[in-house]
Amino acid sequence: QVQLVESGGGLVQHGGSLSVSCAVSGRSFSGYAMGWFRQAPGKEREFVAAISQSGGRTSYADPVKGRFTISRDYAKNTVYLRMNSLKPEDTAVYLCAASGNIGYFDYSSARRYNYWGRGTQVTVSS
């Protein structure tokens with residue numbers, strides 16, 4: 001079993017920056033591809049970013065390309081999402097997910113992830 005706990009959310013102004021973290025415990029961290037998704041009120045969960053088991057490949061949704069960066073720290077069993085140039089439309093609950101068996105072209109598919117955290121709220125004021 002794998003447990004995921006997000007942290008670092010909060011309130012930030014339009015154009016500001018924020019980093020969220022996801023601490024992973026349980027089975028081997030390096031065996032999982034990691035993803036970030038977000039869900040705003042009344043909207044479906046949407047893919048934000050993902051990183052491969054080795055950290056060598058990343059994938060981003062078009063709305064966040066060039067503004068968000070996903071990374072992982074194997075010593076700390078943690079995956080990060082650095083968010084710059086934040087916009088009000090980035091407001092959502094950000095959820096971390098882990099998958100032990102996923103190909104690059106499936107990174108954006110929520111149903112391919114086995115484990116999920118509870119999320120952390122990110123609010124961007126206009």
Side-chain angles (χ1 to χ4, degrees):
Q1 195 73 4
V2 175
Q3 293 81 41
L4 310 176
V5 179
E6 301 93 337
S7 62
L11 175 64
V12 63
Q13 290 187 338
H14 186 179
S17 298
L18 193 67
S19 289
V20 291
S21 304
C22 174
V24 182
S25 60
R27 295 183 178 176
S28 174
F29 176 63
S30 61
Y32 291 89
M34 302 298 300
W36 283 99
F37 289 76
R38 66 187 182 187
Q39 189 161 18
K43 294 187 177 181
E44 293 188 355
R45 186 170 298 185
E46 66 172 349
F47 171 72
V48 176
I51 188 166
S52 64
Q53 288 92 326
S54 69
R57 298 193 81 175
T58 57
S59 177
Y60 296 92
D62 286 344
V64 308
K65 279 181 181 176
R67 299 189 297 124
F68 290 13
T69 302
I70 189 171
S71 61
R72 61 192 301 166
D73 185 330
Y74 295 92
K76 296 182 178 180
N77 285 3
T78 299
V79 61
Y80 303 96
L81 184 69
R82 175 65 177 178
M83 302 178 287
N84 296 326
S85 302
L86 282 160
K87 306 173 182 180
E89 51 263 44
D90 294 319
T91 295
V93 173
Y94 282 72
L95 303 110
C96 176
S99 176
N101 183 19
I102 187 171
Y104 175 79
F105 294 104
D106 287 330
Y107 279 179
S108 63
S109 176
R111 60 187 178 90
R112 295 303 308 272
Y113 290 82
N114 310 103
Y115 304 99
W116 291 84
R118 292 186 176 185
T120 185
Q121 177 70 46
V122 173
T123 302
V124 184
S125 63
S126 57

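No hydrogens, no waters, no symmetry mates; every other heavy atom, side chains included, goes into these values.
- From Lys87, atom NZ reaches atom NE2 of His14 across 7.0 Å, with rounding to the nearest 0.5 Å.
- Note that CZ of Arg82 and CG of Leu18 are 7.5 Å apart. Values are rounded to the nearest 0.5 Å.
- Residues Glu46 and Arg38 approach most closely at OE2-NE, 2.6 Å, considering heavy atoms.
- Across all their heavy atoms, Ala40 and Ala92 have their closest contact at N-CB, 3.9 Å.
- Shortest non-hydrogen contact noted between Lys76 and Thr78 is O-OG1, 2.8 Å.
- A distance of 8.5 Å separates OG in Ser30 from CD in Gln53, rounded to the nearest 0.5 Å.
- A ring pair (Phe, Tyr, Trp, His ring centres under 6.0 Å) with Phe37 is found for one member of Tyr107, Tyr94, Trp116 and no other, namely Trp116.
- The distance from atom CZ of Phe29 to atom CG of Asp73, rounded to the nearest 0.5 Å, is 7.5 Å.
- In this structure, Tyr74 contributes its side chain and Gly55 its backbone to a donor-acceptor pair below 3.5 Å.
- In terms of heavy atoms, Ser17 sits closest to Val12 at O-CG2, 3.7 Å.
- A side-chain contact (heavy atoms from CB on, under 4.5 Å) with Tyr113 holds for exactly one of Leu4, Ile102, Leu95, Asp106; it is Ile102.
- Closest approach of Trp36 and Val20 over heavy atoms only: CH2-CG2, 3.7 Å.
- In this structure a side-chain-to-backbone donor-acceptor pair under 3.5 Å is present from Arg72 to Ser52.
- Follow the hydrophobic side-chain contacts under 4.5 Å out from Ile51 and you reach Val2 in the same cluster.
- Note that the OH atom of Tyr60 and the CZ atom of Phe47 stand 9.0 Å from one another [nearest 0.5 Å].
- A distance of 9.5 Å separates CE in Met34 from CG in Asn77, rounded to the nearest 0.5 Å.
- The local environment of CD in Gln13 is sparse, with at most 12 non-hydrogen atoms from other residues, nucleotides or ligands closer than 6.0 Å.
- Between the side chain of Ser99 and the backbone N or O of Arg112 there is at least one donor-acceptor pair closer than 3.5 Å.
- Between the side chain of Thr91 and the main chain of Val124, a donor-acceptor pair closer than 3.5 Å is present.
- Connection of Tyr80 to Tyr32 is not established within any shared hydrophobic cluster, with ILVMFWY side chains joined at heavy-atom distances below 4.5 Å, either directly or through further cluster members.
- A salt bridge links Lys65 with Asp62: at least one charged nitrogen is closer than 4.0 Å to a carboxylate oxygen.
- Cluster membership check: Val93 does not share its hydrophobic cluster with Val64, using side-chain heavy-atom separations under 4.5 Å among Ile, Leu, Val, Met, Phe, Trp and Tyr.
- Distance alone, capped at 3.5 Å, places no donor-acceptor pair between the Glu6 side chain and the Thr120 backbone.
- The same ILVMFWY cluster, assembled from side-chain heavy atoms under 4.5 Å apart, contains both Val48 and Val122.
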